[in-house]
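In what follows, a structure is listed as C-alpha cells, so that the remarks can point back to it.
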Amino acid sequence: MMERAALFLSVLLFAMHCSLYNVACDSTAEALALLKWKASLQSQQNRSDLLLSWTLSPVNATTSPCGWFGIHCNGNSIIRINLTSYGVKGTLLTFPFSSLPNLEEIDLSINGLVGTIPPQINLLSKLTYLDLSFNEFSGKIPHEIGQLRHLKTLHLVQNQLNGSIPEEIGQLMSLYELALQNNNLNGSIPASLGNLAKLTYLYIYNNSLSGHIPLGMGNLSSLEELYMDTNHLEGPIPSTFGNLKNLRLLYLCNNDLWGSIPSELGHMESLTVLVLFRNGLSGVIPASLGNLTGMTILQLYENKLSGSIPEELGNLKSVVFLELSQNQLSGFIPASFGNLSNLETLFLRDNQLSGPIPQEIGNFMNLWMLELDQNQFIGNLPQNVCRGGSLEYFIANDNRFIGPIPKYLKNCSSLKRVRLERNRLTGNISEDFGVYPSLNFINLSDNEFYGEISPNWALCKNLGSLLIARNNITGRIPPEIGNSTQVHVLDLSLNHLVGEIPKELTKLSLLTRLILTGNQLSGGIPREVGLFSNLEYLDLSANRLCQSIPESIGDLLKLHYLNLSSNNLSQRIPDQMGKLSQLTELDLSHNMLSREIPRQFESLQSLSTLNLSYNNLSGNITFFDKLRGLTYIDIAHNGLQGPIPNTQAFQNASTQALEGNKDLCGNVSGLKPCKLSKKSHKLLYTIMFPLLGVTGLSLAAMALFFGFKRREKDANEVIQRSKNYDNLFAISSFDGKLLYSEIISATNNFDAQCCIGKGGYGSVYRVELSSGDIVAVKKVHALRADEVRAAKEFQNEVTALLDIRHRNIVKFYGFCWSTEQSFLVYKFLERGSLAKNLSNDEAAKQLDWEKRVNIIKGVAHALSYMHHDCSPPIVHRDISSNNVLLDLEFEVHISDFGMAKLLNPNSSNWTNLAGTYGYVAPELAYTMKVTEKCDVYSFGVLVLEVILGAHPGDLISALPSSSLEMRLLVNDVLDQRLLPPATEVQDKVISVMKIAFMCLAVNPHSRPTMYAVSQLLSD
C-alpha cells in the first residue's frame, strides 16, 4: 500500500510540475507505465538499488525516464531497455507493451522472470532485438510474435518453453539470429523457417523436436551456423543442405536420423564443422566430403556407416578432430591420411577395419589421441606415430599387430595411456620401451614380448597400472619397481619370472591388485607383505614359493581375493588369516600346509569360496558350520576327520571335493555315515521310533487328501517354470541357462549369508563365473500378486536397458524374471560404492581433488546420456553415493539405473516417493511427480558430498550469494583429509560447487538440465 501511495504521489507531483512550469512531458506516459511494471516486481536483495533511479520527481525539470538505469532514449521516447543479469524477478503480465511505441530493443536475459510470454508483445511494432534468455518462462511461444516484422534477433534460450515452434516465425523476414535452445519445445520444425532468407544463425538444439527436417531449410542461403542436435529428429538429412554455401557449422548429432549421408553435403564449400554422431545413419561415407578442404571437425561416430573410408578424406588438410568410431567400416586406412598434417585426434575404434597401418600416419605432427582398438589391423604398428612428440593416448588393443614396438614410441615422453593388449607384438621388453614421465596406464598383456623387466619402469613417476601378463618375459622382478609409488595395479602373471618376490614391492602403499601367478618365483612370501594396506586382490599361485605363510598377511584387511595355491608352502596356516573379514575367495590348495585349520576361520563371514585341497591338514572341521556364506568348498586329500558341517556348501559338495580324508564322515555321497553313540541309540529306540510311527500315520492320511491336488499344481508349475526358464537370458551376452545355474549355485540359491549389500530395490551378490568374469547379481524383491500383471511391462523396460552403452554407467548383462526369482546381472566394480570410499579415511585420501572432479564429471555425463540420449529418456530416481561405483582406475559408474522408471515424454510420471533420504528433491514430498529435475537435485547433493567428503546436511539450505562467499565457504568445508587444492584446482572446485548450488534450486524449473551441467563441467 505504501509503495502504491508513493507512486500516486510521485505521479501527481510530476503532473503538477509539468503544468506549472510548462515542461515537455512527452515521455510521461512511458515512465508511468514502467513504474507500474516495477511495482509488480519482487524486491531483490543486493539488487534493489539498481532500479532506485526509476522514480519521478518534480524537483529537477530535466527529470525523465531517459536517465533511469537500463533505459535508453531517442529524444524523449524510450527505444532500448537493457536489464540483463540484474536479478529482476516477476512476470511480464503488466509490462507496458502498448505504452512503448518506439521501443526497438529489449534485453531481459539472465534474470528470474516467470510466467508466459504475453501475446501483447506484438504491440512492439518497431522491435528489432528481443532477448528473454536464461529466465524461467513457461508455456508456448505466442503466435503473435510473428507480427514483429522488423525483428532481427530473437533469443529465448534456457527457459521452460513448451509446445511447438509457431509457424508464424516464418513471417519474420528480417530475422538474422534465432536461438531457442535448451527448452522443452516439441513437434515438428515448421516448414516456414525456409522463408527466412536473411537468417544467419539458427540454434534449436536440446529440445524435444521430432519429425523430418524440412526440405525448405536448404533455402536458407545466408545461414552460417545451424545447431539442431539433441532432439528426436528422424528421417534423412535433406540433400537440399548442399545449397547452404555459407554454412560453417552443422550440428545434427544425438537425433534419430537415418538414411545415407547426402553426397550433396560436399557442395557446402564453407563448412568447417560437421557433427553427425549418435544417429542411425547408414551407407557409405560420401567421397564428396573430401571437397570440404576447410573442415576442422568431422564426427560421424556411433552410426551404422559401412564400406571403406574414402581416399578423398585425405584432402581435409585442416581437419583437427576426425572421429569415425563405432560404425561398420571395413577395408584399409587410406594412405592419403598422411596429408592430414593438422590432425590432433583420430578415432577409428570398434569397426571392421583391416590391413596394415599406412606409414604415412607418421606425418601427424600434432596428434595427441589415436584409437585403433577393436578392429582387424595386421602388420606392424605405425612407425612414426609419435614423431610430433605430442601423442598422449595410444589405444590399439584387440587387433592382430605383430612385430616390435616402433622406436618413436620408445622416445614418446608425452604418453599418458597406452593399450596394446591382445595383439601379437614381439620384441625385447627391456629395450623397446623408454621412460614416460606422464604415463599413468599401460597394458601390454597377451602378446609375445620377451626379455627382462627394465628398472626404468620405476622412473615413470605417474604410473598407476602396469600390466604385462601372458608374455614370454624372463629374469627377476626388479626391486626398483618399489619406487613407483603411484602404482595401484601390477600384473606380471603367466610369464617366466624367477627369483624371489622383492620385499621392496611392499613400498607400493597404493597397490590394490598384485597378480604374479604362473611364474617360477621362489623363496618365501616377504614378511613385509602386511604393508600392502590397500591390497584387495593378491594372486601368487602356480609358482615355487616355499617356507610358511607370514603372519603379517592378516594385516591385509581390505583383501577380498587371496590365491596362494600350487606352491610349496609349508607349516601351519597362520591364525591371523582369520582377521581377513572382507575375504570372499581363498585358495591354499596344492601346497604342503599341515596341522589344524585355525578356528579363527569362523570369523571369515564374507567367505564364499574355499579351497584347501591337496595339503596335509588335520583335525575336525565342525566350526565351518558358522560360515553360512560358503557356496563352494574343496578340502580333498588332507588328513581331516569327523563329521562334515551341515551347511549347503558341504552337503552339495562333489565326491571329488571331499575324497582323500579317510576319517571324514557324513550323510553325503562318497563318505561313510558317522557312528552313533550308545546314548544316541537309546534315544532313537525309546523316543524317536514311537514318534515317527505317529507322525507317519498322520502324514499318510494327509498325503491321500492332498495327493491329487499337489500333482495337478506341480504339473502346472513345471510348465510355467519351463516357459520362464526358456526366456531367462535370451537377450544376455552369456549362455542363459548356464548362467542361471551358476548364479543359483554361487549364491546358494540367494542365501542371506552370500549377500554383499542391500539397496532399495533388492540384495546384491558377487558371483565369479566359470569363464573368469565377475558379475554383480541384484536380486529384485519378490513380486507381489498385484504386481504380476505388470511383469511383461517390467520385462520390456529392462530389456530396453541392454542397449545402454556409456563408460560411466555400469554394464548391464541381462535379467531373469519369474514369479519365483527375479534378478538383474551387472558388471562387478572392484572398488565398490563411492559412499564406502568416502567413509573410509584411507580410501578417501586416494580420492584426490582431480579424481573427485573427474567423478563428478562422470556422473554428470552419465545422467546427461540417460536424460537426453536415451529414447524414451531414463530418470534414475535414486542418485546417491551408494549407487555410484568406482572401478580399479577410479572411473565412476552409475548403478541401479536398471530399476529406473522409463519416462513417457507425453505423459506425467506419477509414482510413489522414491530415492534415498537426504538426496530426494523437495518437490517430491508434495507432488510425487518424478522428472529429470529430481535427478538434477540429487546430483547437486552428491557433488557437495564428494567435495566435503560427507553428506552436506544443512549446508544445502545455506547457499552462498556471491563468489566471495563461495570462496570463503570452500575454505571452510573442503574435506580436511586431503591437502588443500592448488590455486588452479581450487578454481575448478569452486566452479563445480557453483554448479551444484544451481542444481539445488528449490524450484525444479530453475535447475539446469543435466545436458547443460555436463557441458559446463566439460568446459
Side-chain angles (χ1 to χ4, degrees), residues 349-350 370-378 380-381 393-406 409-410 412 415-434 436 439-454 456-458 460 463-478 481 484 486-498 501 505 508 511-521 535-543 561 563 768-769 771-774 827-828 830 887-889 891:
R349 65 183 177 89
D350 202 0
L370 177 59
E371 289 194 2
L372 306 173
D373 53 305
Q374 302 179 67
N375 282 285
Q376 301 169 28
F377 292 123
I378 60 174
N380 295 320
L381 292 168
Y393 296 85
F394 184 36
I395 314 296
N397 54 284
D398 292 286
N399 280 286
R400 301 174 185 174
F401 289 117
I402 60 174
I405 298 297
L409 207 60
K410 179 177 181 179
C412 195
L415 281 174
K416 291 183 178 179
R417 187 176 182 89
V418 177
R419 293 192 62 178
L420 300 175
E421 72 268 22
R422 291 184 292 277
N423 282 287
R424 301 172 185 172
L425 298 170
T426 61
N428 192 324
I429 196 79
S430 60
E431 297 176 358
D432 289 346
F433 292 91
Y436 310 101
L439 189 67
N440 58 53
F441 181 97
I442 185 166
N443 192 341
L444 306 175
S445 301
D446 296 287
N447 282 288
E448 298 172 13
F449 291 114
Y450 58 86
E452 299 185 2
I453 299 174
S454 171
N456 287 338
W457 286 112
C460 303
L463 188 60
S465 297
L466 176 60
L467 301 96
I468 321 179
R470 293 172 292 280
N471 281 279
N472 297 313
I473 300 171
T474 56
R476 297 173 178 267
I477 301 174
I481 295 292
S484 302
Q486 298 302 310
V487 170
H488 56 267
V489 177
L490 180 61
D491 187 352
L492 307 177
S493 60
L494 294 164
N495 282 288
H496 308 289
L497 298 171
V498 297
I501 300 173
L505 287 187
L508 303 178
L511 201 65
T512 61
R513 292 174 69 91
L514 176 59
I515 308 173
L516 303 177
T517 182
N519 284 287
Q520 301 168 31
L521 299 172
L535 203 62
E536 299 174 3
Y537 191 104
L538 176 59
D539 192 345
L540 305 179
S541 62
N543 279 286
Y561 180 93
N563 193 341
E768 181 168 2
L769 305 176
S771 62
D773 294 297
I774 299 177
K827 182 178 180 181
F828 182 79
E830 295 85 349
D887 62 19
L888 287 174
E889 297 179 26
E891 185 80 24

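Quick caveat: nothing in here was measured; it's all calculated off a predicted structure.
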Closest approach of Arg422 to Asp398 (non-hydrogen atoms, all atoms of both residues) = NE-OD1, 2.6 Å

request  = Please confirm whether the backbone N or O of Gln376 pairs with a side-chain atom of Asn399, one donor and one acceptor, at under 3.5 Å?
outcome  = yes

task = Tell me, please, which residues at least two apart from Gln374 pass side-chain hydrogen bond (donor to acceptor under 3.5 Å, both in side chains).
result = none

request  = Enter the distance from Leu381:CG to Leu372:CG here, rounded to the nearest 0.5 Å.
outcome  = 8.5 Å

query = Would you find a donor on one side and an acceptor on the other, under 3.5 Å apart, between the side chain of Asn447 and the backbone of Asn423?
reply = yes

message = Can you list everything that forms a salt bridge (charged side-chain N to carboxylate O under 4.0 Å, His left out) with Glu431? Sequence neighbours excluded, please.
response = none

key: Asn519 vs Val498, side-chain contact (heavy atoms from CB on, under 4.5 Å): CA-CA, chis, key distance, verdict   = CA-CA 7 Å; Asn519 284 287; Val498 297; over 6 Å; no

inquiry  = To the closest 0.5 Å, what do you measure between CZ (Phe441) and CD1 (Ile395)?
reply    = 8.0 Å

Residue pair Trp457, Leu439: steps toward the side-chain contact (heavy atoms from CB on, under 4.5 Å) verdict = CA-CA 10 Å; Trp457 286 112; Leu439 189 67; 4.1 Å; yes

request  = With rounding to the nearest 0.5 Å, note down the distance linking CG in Leu505 to CG in Leu511.
outcome  = 8.0 Å

query = Shortest non-hydrogen contact from Ala542 to Thr517?
reply = CB-OG1, 4.1 Å

note = Note: Ile402 and Leu425 closest approach over all heavy atoms is O-CD2, 3.7 Å

query = How are the rings of Phe449 and Phe433 set to each other: parallel, tilted or perpendicular (split at 30° and 60°)?
reply = perpendicular

ask   = Are the side chains of Asp373 and Arg419 in touch, meaning some heavy atoms are under 4.5 Å apart?
value = no

remark   = In short, Asn543 meets Gly518 closest at the heavy-atom pair ND2-N, 4.1 Å

request  = Would you give the length of the straight line joining atom CD1 of Ile473 to atom NE2 of His496, rounded to the nearest 0.5 angstrom?
outcome  = 9.0 Å

request  = Side-chain contact test, heavy atoms from C-beta onward, threshold under 4.5 Å: evaluate it for Leu497 versus Ile453 and give yes or no.
outcome  = yes

ask   = To the nearest 0.5 Å, what is the distance between CG (Leu444) and CG (Asn397)?
value = 11.0 Å

request  = For the residue pair Tyr450 and Asn428, establish whether any side-chain heavy-atom pair is separated by less than 4.5 Å.
outcome  = yes

query = Is the charged tip of Arg513 near the ring of Tyr537: under 6.0 Å from the six-membered ring centre and within 45° of its axis?
reply = yes

query = Can you name the side-chain hydrogen bond (donor to acceptor under 3.5 Å, both in side chains) partners of Asn563, sequence neighbours left out?
reply = Tyr561, Ser565

task = Could you go through the side-chain contact (heavy atoms from CB on, under 4.5 Å) check for Leu420 and Ile405 one step at a time?
result = CA-CA 10 Å; Leu420 300 175; Ile405 298 297; 3.8 Å; yes

key: Qualifying residues under side-chain hydrogen bond (donor to acceptor under 3.5 Å, both in side chains), relative to Asp887, sequence neighbours excluded   = His893

key: Distance, nearest 0.5 Å, that separates CG of Asp432 from OG of Ser454   = 11.0 Å

request  = If a pair satisfies salt bridge (Lys or Arg N to Asp or Glu O under 4.0 Å) and one of its residues is in residues 440-454, list it, with sequence neighbours excluded.
outcome  = Asp446-Arg470

query = Is any side-chain heavy atom of Tyr436 less than 4.5 Å from a side-chain heavy atom of Leu463?
reply = no

Intermediate values then yes/no, side-chain contact (heavy atoms from CB on, under 4.5 Å), Leu516 and Ile477 = CA-CA 10 Å; Leu516 303 177; Ile477 301 174; 4.1 Å; yes

ask   = Less than 4.5 Å apart, any side-chain heavy atom of Val489 and any of Leu467?
value = yes

ask   = Shortest non-hydrogen contact from Ile468 to Asn471?
value = O-ND2, 3.6 Å

inquiry  = On a heavy-atom basis, which atom in Gly451 and which in Ile429 lie closest, and how many Å separate them?
reply    = C-CG2, 3.8 Å

inquiry  = List the residues meeting side-chain hydrogen bond (donor to acceptor under 3.5 Å, both in side chains) with Thr512, not counting sequence neighbours, and say none if there are none.
reply    = none

